[in-house]
Each structure stands twice: as C-alpha cells, then as structure tokens.
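What follows is a short report on a single structure.
Values reported hereafter were calculated over all heavy atoms of this structure, with side chains retained and with hydrogens, waters and symmetry mates removed.
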Amino acid sequence: MGSSVRAFLSLYGVVAALLWAAPALAYAEPPFVISERSPVEELALENLPPSFYTFSPDEFWAEPRDSYWLIASNWVLTQERTQSDRVQALGEWADRTLSGSSQALPDNESYLRVGFATESEYGDPAQFEPEARFRLDIPTVEEKLRLVIESESDELIPLSERRRNRQLTEDERSDTEATGAFRYLSNVGDAINLSNDVGVRLRLPADAFWRATAEKQWQPGETWNLAVKQRVYYFHQQGWGSRSWFGAGRALGNGWNALLSSEMEWVHDERKFELSQTANFYKRLNNRSTLNPRVGVLGESQPNWRHTSVFADVTFRYRLHSDWLFGEVIPALEFPRDESFKDRGSLILRIELYFSGSIDRPY
C-alpha cells in the first residue's frame, strides 16, 4: 500500500509541474523561424544588410569606373597568356623544322624573362633600369640533341659578377652578346651527365666556341646532398677556360636549408684563377614568399693569392601573381679590395615577369 501511495504522489507531482509550465510554453518563441522567401530572394542585393557593402546606397547601381592602375594591371596580366603562347609556338616551330617531324615535344625549357629594377647606393638616387633575359631550348632528336639560344654566355661573365648577379642592374652587367649552339646530351655510366655544345656568338664577326660540361649529384648519407660540376670551354677569340664547382647542401630545421659552394675558374687571357666561396640559406616563408640570405668571399691568384671582395645580401622574393609575376627586395653590402674594403651598401627593388614555354600549366 505504501508503494502505491508513493507512485501516485510522484505521478501527481509530474502532472502538476506540466500544468504549471503550460502557459509559459504556450507563449514561448519558437527556436527558429522558417522564412517565406526563397534563398535566391534572401540573398538578393537589395535584401542584404547595409554593413555588407563598402559603398553608399546611392552608388548601388552605379557603373564601375576603371582607374589607370586597373587598366595597366589588366594589360600586364593578359601579357602572360599572350607571350607564353608565343614562346611555346616558337619553340614548337623550331623543333618541328629541325627534327623534320610533324610532332613537337610538349615541354621545352624556353623562357623569356623581362623586368625592371632600381638600385639605390650611398649618395646615389635610385634609377629605373629595364632588364631582359631569354633562352630558346629546343629538343630535336629524342631529346639528345638540342638547339640552345641564350641572351648571354656564362663563360664570358666574370666569376665575381655571376656570384652577385641578383645585386646588379642591367647597366652593371657585362655585355656578352647572344649565343646559339647545338647541345648533345649523353651519360657516363648511370650517374654522370655530360653535354657538349658547339656554337657561335651571334655577332659580327662571329666567334665560334665549344664547351663540355660534366655534372654529378649524390647523397652519401641521410643529411648531406653533394654535387659537383666541371666545365671546359674554348672561344676562338678569348681562348681556353675551365670552371670547377662543388656544393654541399642540407636541411637545418624549421624550414631552413643551407648550401655551401666553392668555385674556381681559370681565366686564360689574364693567366689567373678566380675563386668564390659562398654560404646560401633558404626558407620558404609561405606559398608566396621566400627568404634567401647569403654571405660570400671572392678571390684571385694574381698578383698573389688574395681575397678581392666580401659581400652579404638578403633576397626577399614575393610571388605577386600566379607563377610568373614576382617582386624582389635585395639589401646588399659589399667590401671590395679596390676601395680599401670600405663598405658599399645598396638596395635593389625588382619586378620580374617570367614567360615560360611549358604547355603544362600549374593553374
């Protein structure tokens, strides 16, 4: 009997609680409201809140106005498609012509690189200088024989200038004239890549040349990557020369990578060796920007073995658009012997457009 009474009292309490809460539930707001308008109507321009816009209501249906900046930037962006297609078409035409085949290989290493750079040094105002580099690299016979046309020849550029290339504007670089050569690719064993070039400097009178390059890469352990490159060349007017390069790279952690490199070059007409030792550090900050600090020492063997310059620079490179429009900021410091090792600072600002002949686009 006692248990029956307790069950009755519990049921009575639940019913009383429901009756007491019924008026409140009757007047409570529903948890959500179903709109009578469709999603298209809900997201219509006139139904969005004013905070959604950055212009005033009277400008709601105004026609867009193109500024000079928009016109110029749109023109630059359209050039990538136009010029890249032209570079690709030129490479394919030359490939078909030289190989005698109706088919052209889809991926060559041709490019056109143009840009503008300004340099500011101690006491000198910034000056805007245009720049241009190009290479037409055309496979002709099963990728073993290639026609290579380049805007400059590394063999005729001093070693000290090549190591500081990104620090220089166009008027500070050596003028070597364009070159054209047939390049034959082969292998020595399974590890050494060998190439032989026979060509001329594209000028009057023409200067014939020959060069051979051998390179090898290997990984002795889990930490270091090693590479060596040897080049021997002969120019009819400049004579013989040779260049030896060795590099050792490894990861440093936290996204940083390091490359230590040494190079020695024999300059035939001056009967001396030129040397360089550089330490390069590289990090990709994000998918748009990279950071590349460097420090280096340059030297020579005449009149005796001595160092001729010490330099340091930091290259901040930013991808402005897609994979072909870049900006660079390069602060640099140099201590040249011919100025009694007095410091000479500079700041390079560069905009660079890179038109490649590749059919396979990453975007």
Side-chain angles (χ1 to χ4, degrees), residues 133 135 148 150-170 172-181 183 185 188 192-203 207-218 225-249 258-280 292 294-313 315 332 334-339 341 344:
R133 296 287 185 277
R135 180 175 66 189
V148 182
E150 298 177 295
S151 59
E152 58 187 3
S153 177
D154 284 350
E155 291 75 23
L156 302 177
I157 300 176
L159 177 60
S160 58
E161 181 179 326
R162 292 202 311 273
R163 293 284 74 82
R164 299 177 52 249
N165 178 62
R166 303 303 291 180
Q167 299 178 17
L168 306 177
T169 54
E170 189 70 15
E172 299 174 309
R173 296 189 175 104
S174 300
D175 185 11
T176 64
E177 293 93 22
T179 61
R183 174 173 298 170
L185 305 176
V188 178
I192 300 178
N193 298 320
L194 183 65
S195 67
N196 279 275
D197 296 2
V198 177
V200 294
R201 296 170 68 184
L202 304 180
R203 67 173 191 177
D207 185 12
F209 69 87
W210 165 83
R211 62 188 170 208
T213 305
E215 54 185 321
K216 172 182 172 61
Q217 299 182 7
W218 72 98
N225 295 292
L226 306 180
V228 63
K229 180 184 291 187
Q230 178 66 48
R231 174 172 290 184
V232 179
Y233 55 89
Y234 173 77
F235 281 79
H236 181 66
Q237 296 183 7
Q238 271 73 26
W240 291 91
S242 66
R243 180 192 306 171
S244 303
W245 180 91
F246 173 78
L259 174 63
L260 307 178
S261 64
S262 301
E263 185 171 4
M264 176 182 290
E265 182 174 9
W266 170 251
V267 184
H268 181 74
D269 55 351
E270 298 182 19
R271 299 296 192 276
K272 71 174 184 179
F273 286 100
E274 292 185 347
L275 305 97
S276 75
Q277 177 69 54
T278 59
N280 298 265
N292 179 205
R294 295 191 314 158
V295 61
V297 180
L298 304 173
E300 62 184 4
S301 63
Q302 293 293 344
N304 49 56
W305 290 97
R306 61 182 186 176
H307 60 281
T308 57
S309 177
V310 179
F311 69 89
D313 59 40
T315 300
E334 184 188 10
F335 302 87
R337 172 178 287 274
D338 56 8
E339 296 185 13
F341 297 107
R344 185 172 68 186

Requested in this report: Take R243 and E263, measure what side-chain contact (heavy atoms from CB on, under 4.5 Å) needs, and give me the verdict at the end.
Outcome: CA-CA 7 Å; R243 180 192 306 171; E263 185 171 4; 2.6 Å; yes
**Report entry** Intermediate values then yes/no, side-chain contact (heavy atoms from CB on, under 4.5 Å), D207 and E177
**Finding:** CA-CA 10 Å; D207 185 12; E177 293 93 22; over 6 Å; no
Requested in this report: Let me see the working for S153 and F209 under side-chain contact (heavy atoms from CB on, under 4.5 Å), right down to the final yes or no.
Outcome: CA-CA 11 Å; S153 177; F209 69 87; 5.9 Å; no
Requested in this report: Kindly indicate, with the supporting measurements, whether the criterion side-chain contact (heavy atoms from CB on, under 4.5 Å) is fulfilled by F246 and L260.
Outcome: CA-CA 8 Å; F246 173 78; L260 307 178; over 6 Å; no
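Residues that satisfy the ring pair (Phe, Tyr, Trp, His ring centres under 6.0 Å) test with F311, not counting sequence neighbours, are absent from this structure. W240 meets the ring pair (Phe, Tyr, Trp, His ring centres under 6.0 Å) test with Y234; sequence neighbours excluded. Listed by chain and residue number, W266 satisfy the ring pair (Phe, Tyr, Trp, His ring centres under 6.0 Å) test with F273 (two or more places apart in sequence, or in another chain). Annotation: ring pair (Phe, Tyr, Trp, His ring centres under 6.0 Å) contacts of F335 (sequence neighbours excluded): none. Listed by chain and residue number, E300 satisfy the salt bridge (Lys or Arg N to Asp or Glu O under 4.0 Å) test with R306 (two or more places apart in sequence, or in another chain).
Separating the OH atom in Y233 from the CD atom in Q238 is a distance of 9.5 Å, to the nearest 0.5 Å. Rounded to the nearest 0.5 angstrom, T179 OG1 and E150 CD are separated by 5.0 Å. L194 CG to T213 OG1: the interatomic distance, rounded to the nearest 0.5 Å, is 8.0 Å. To the nearest 0.5 Å, atom OG of residue S262 and atom CH2 of residue W245 are 9.5 Å apart. For the atom pair L185 CG and N193 CG, the distance stands at 8.5 Å (nearest 0.5 Å). One distance of note links CG of D338 with OG1 of T308; it measures 8.5 Å at 0.5 Å rounding.
With respect to S309, the side-chain hydrogen bond (donor to acceptor under 3.5 Å, both in side chains) criterion is satisfied by exactly one of E334, R163, E339: E334.
Remark: E274 does not engage R162 in a salt bridge, criterion side-chain N to carboxylate O under 4.0 Å.
Although no hydrogens or angles enter the test, the distance criterion places a donor-acceptor pair under 3.5 Å between the side chain of Q277 and the main chain of S261. For R337 (side chain) and H307 (main-chain N/O), a donor-acceptor pair under 3.5 Å exists by modelled atom type. With hydrogens and angles ignored, the 3.5 Å screen pairs no side-chain donor or acceptor of Q230 with any backbone N or O of E215. Between the side chain of R183 and the main chain of S195, no donor-acceptor pair closer than 3.5 Å is present. Counting only distance, with no hydrogens or angles, the side chain of D197 and the backbone of A181 share no donor-acceptor pair below 3.5 Å. The closest donor-acceptor contact from the side chain of N196 to the backbone of A212 lies at 3.5 Å or more, if one exists at all.
For Q302, the CD atom is densely surrounded, since the number of other residues' heavy atoms within 6.0 Å is greater than 12. The number of heavy atoms from other shown groups lying within 6.0 Å of NE2 (H236) does not exceed 12.
Residue pairs satisfying the salt bridge (charged side-chain N to carboxylate O under 4.0 Å, His left out) criterion with at least one member in residues 225-239, sequence neighbours excluded, are listed as follows: E155-R231.
In plain terms, the two heavy atoms of I192 and A214 that are nearest each other are CG2-CB, 4.2 Å.
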